[in-house]
Amino acid sequence: MPMSAYFWPTLLTLRSLQSRALRKRVWSKISPAARSLVNAATLYLRKSGRTKSPAHVEALRKVKEGNLKLTIPLRHLGKAVELAKVRTTWVEVDKEKAVALGIQWLNMPRSRRIVETTLGAAVTP
């Protein structure tokens, strides 16, 4: 399930999305089309509009997902990745080791990640 599965675009959520991205200095890393979509939706909602289109909501949800990936600290992302891997392999590991293994997996080249996940390599405890 994506991190922003229950996201509904309101004026408050879009403003918080933009302010968090500006605060973390990743607003310029988001694509210009996504930035303009957030700006246009914010202006529309400010004028008491409603977002009804499922395609528009889905596009804003994807922008929110990309923003979360850029603004979440690496430590939390590594922990989430490793705990998700551990759940599939049924191996118990403490939180600190999960963070270390998750960051190690994130730093691994994509080609090796694909080989490791397709072969079903178990997590080393």
Side-chain angles (χ1 to χ4, degrees):
M1 177 178 292
M3 292 181 269
S4 61
Y6 301 106
F7 172 74
W8 188 258
T10 62
L11 185 60
L12 181 66
T13 57
L14 291 177
R15 280 186 176 173
S16 67
L17 176 131
Q18 185 176 7
S19 67
R20 181 177 178 151
L22 286 169
R23 198 171 51 244
K24 299 282 186 172
R25 297 181 182 182
V26 294
W27 184 248
S28 61
K29 293 180 183 176
I30 299 172
S31 71
R35 284 185 285 173
S36 62
L37 179 66
V38 170
N39 288 335
T42 303
L43 288 173
Y44 181 70
L45 290 171
R46 193 179 297 160
K47 303 259 185 205
S48 301
R50 290 188 202 162
T51 306
K52 296 185 219 174
S53 168
H56 189 236
V57 171
E58 187 60 33
L60 287 170
R61 185 173 289 141
K62 287 181 182 178
V63 171
K64 172 75 172 184
E65 190 74 28
N67 186 21
L68 281 175
K69 286 179 183 175
L70 288 172
T71 58
I72 288 180
L74 185 62
R75 180 176 176 84
H76 297 300
L77 188 60
K79 184 177 178 182
V81 164
E82 189 56 35
L83 290 177
K85 282 179 61 182
V86 165
R87 284 189 193 118
T88 60
T89 58
W90 302 98
V91 176
E92 291 202 24
V93 67
D94 62 339
K95 291 181 181 180
E96 289 301 316
K97 187 155 184 145
V99 171
L101 290 173
I103 291 173
Q104 183 181 13
W105 188 82
L106 287 170
N107 287 332
M108 189 183 307
R110 285 186 186 260
S111 58
R112 188 163 168 219
R113 280 189 214 170
I114 293 169
V115 169
E116 185 176 307
T117 54
T118 54
L119 293 177
V123 177
T124 56

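Values reported hereafter were calculated over all heavy atoms of this structure, with side chains retained and with hydrogens, waters and symmetry mates removed.
Applying the side-chain hydrogen bond (donor to acceptor under 3.5 Å, both in side chains) rule to T13 yields the partners T10; only residues at least two apart in sequence or on another chain are considered. Not counting sequence neighbours, the partners of R20 by the side-chain hydrogen bond (donor to acceptor under 3.5 Å, both in side chains) test are T71. By the side-chain contact (heavy atoms from CB on, under 4.5 Å) test, S53 is found to be paired with A55, H56, residues two or more places apart in sequence or in another chain being considered.
With hydrophobic clusters built from ILVMFWY side chains whose heavy atoms lie under 4.5 angstrom apart, Y44 does not share a cluster with L11. One hydrophobic cluster holds both L14 and L22 under the rule that ILVMFWY side chains link at heavy-atom gaps under 4.5 Å.
When every heavy atom of L60 is checked against every heavy atom of A41, the shortest pair comes out as CD1-CB, 4.1 Å.
Rounded to the nearest 0.5 angstrom, L12 CG and L17 CG are separated by 11.0 Å. Separation of atoms OG (S16) and CZ (R23) is listed at 9.0 Å; rounding is to 0.5 Å. Separating the CG atom in N67 from the NZ atom in K62 is a distance of 16.0 Å, to the nearest 0.5 Å.
Sequence neighbours left out, the pairs with a member in residues 37-59 that pass salt bridge (Lys or Arg N to Asp or Glu O under 4.0 Å) are E58-R61.
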Show me the side-chain donor-acceptor pairs of residues 24-40 shorter than 3.5 Å, one per line, residues at least two apart or across chains.
residue : atom : partner : partner atom : Å
S31     : OG   : A34     : N            : 3.2
R35     : NE   : I30     : O            : 3.3
S36     : OG   : P32     : O            : 3.2
S36     : OG   : A33     : O            : 2.8
N39     : OD1  : Q18     : NE2          : 3.4
N39     : ND2  : R35     : O            : 3.3

